[in-house]
Amino acid sequence: MIRASHLVWGALIMTVGTGLFLVANEVGAREKELARLYADIRRTTESLHVLRAEWSYLNDPSRLERLASTHLGLEPVRPEQYVSVNQLPLPPAETGEGLPASLPGGKGGRHPERPVGQVPERPRHPHAARQAGGSGRF
C-alpha cells in the first residue's frame, strides 16, 4: 500500500509542479506585455505633448496674423463695410416653375405677395417646413 500512495503523491506533486511552472510562465508573459503597454503609453503621451506644443505654436495669434498679412493680404473690417439688412438686395422672385425671374424661362417681375423692402420669413429649423406638412420623415 505504501507504494500506491507514493505513486499518487508523486503524481500529485508532479501535477502541481507543472501547474505552477505554467502559471509562472504565464505571469512572466503578462508582465512583459504589461511593460510593453506601459512603454507604448509613455511613447504616446510624449507624442501627445509634442503635438500639443506644435499645435500651440501653429495657432499662435501673432504668427497667424503675420502669415495672414503676408500671404492673404487680409485687413481689419472698416466701419463703412457694414450695411443694414434694409440695404441688402432682395433675392430674385421665383416663377411658378421654380425658376428665378432673372434666369431664362423665368417670367420676371416682383413677387406678388411681398412688399418692397420686406425680407421673406424662413423656417427656424431646416426641417420645420417638412414637419409642419406632417410627413414625419427627416
Side-chain angles (χ1 to χ4, degrees):
M1 277 307 231
I2 293 176
R3 287 197 177 254
S5 67
H6 285 160
L7 288 176
V8 169
W9 280 108
L12 184 62
I13 289 172
M14 291 294 282
T15 304
V16 169
T18 304
L20 285 175
F21 176 76
L22 293 175
V23 167
N25 280 340
E26 184 67 26
V27 167
R30 298 291 176 170
E31 285 177 347
K32 286 180 184 178
E33 182 181 359
L34 186 61
R36 183 187 59 79
L37 288 173
Y38 280 141
D40 192 30
I41 290 170
R42 188 172 42 255
R43 279 191 305 272
T44 304
T45 304
E46 289 171 1
S47 67
L48 278 174
H49 288 302
V50 169
L51 289 173
R52 284 189 180 125
E54 288 177 2
W55 182 260
S56 65
Y57 167 73
L58 292 174
N59 284 327
D60 181 37
S62 61
R63 178 184 169 275
L64 291 175
E65 184 178 359
R66 188 180 72 250
L67 288 174
S69 65
T70 303
H71 298 290
L72 300 177
L74 297 177
E75 298 175 0
V77 178
R78 295 183 310 272
E80 61 267 10
Q81 291 177 309
Y82 288 101
V83 296
S84 68
V85 175
N86 294 335
Q87 294 173 327
L88 295 175
L90 290 175
E94 291 188 12
T95 65
E97 300 166 353
L99 295 173
S102 59
L103 292 178
K107 295 179 183 171
R110 293 181 26 349
H111 195 282
E113 300 171 3
R114 186 178 352 149
V116 176
Q118 182 179 357
V119 178
E121 290 187 28
R122 294 191 174 115
R124 291 180 181 250
H125 189 273
H127 302 293
R130 190 178 300 166
Q131 288 173 353
S135 67
R137 293 190 295 170
F138 281 71

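All values below were derived from every heavy atom in this structure, side-chain atoms included, with hydrogens, water molecules and symmetry-related copies excluded.
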Original post:
So which pairs with a foot in residues 48-68 pass salt bridge (Lys or Arg N to Asp or Glu O under 4.0 Å), sequence neighbours left out?
Top reply: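 Of all non-adjacent pairs touching residues 48-68, none passes salt bridge (Lys or Arg N to Asp or Glu O under 4.0 Å).
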Subject >> Residue pairs involving residues 18-29 (criterion salt bridge (Lys or Arg N to Asp or Glu O under 4.0 Å); sequence neighbours excluded) >> reply: Glu26-Arg30
Less than 3.5 Å apart, which donor and acceptor atoms pair up between the side chains of residues 34-45 and the rest of the protein, not counting sequence neighbours?
from, atom 1, to, atom 2, distance (Å)
Thr44, OG1, Asp40, O, 2.8
Thr45, OG1, Ile41, O, 2.8

Give the table of side-chain donor-acceptor pairs shorter than 3.5 Å for residues 7-19, with sequence neighbours excluded, one pair per line with atom names and distance.
from, atom 1, to, atom 2, distance (Å)
Thr15, OG1, Ala11, O, 2.8
Thr18, OG1, Met14, O, 2.8

**OP:** Could you pull out the closest heavy-atom pair between Leu58 and Leu64, with the gap in Å?
**Re:** O-CD2, 3.5 Å
Original post:
Under the side chain to side chain donor-acceptor pair (under 3.5 Å) test, which residues partner Gln87, sequence neighbours left out?
Top reply: none
Original post:
What residues, two or more places apart in sequence or in another chain, satisfy side chain to side chain contact (heavy atoms under 4.5 Å, CB included) together with Gln81?
Top reply: Val77, Arg78
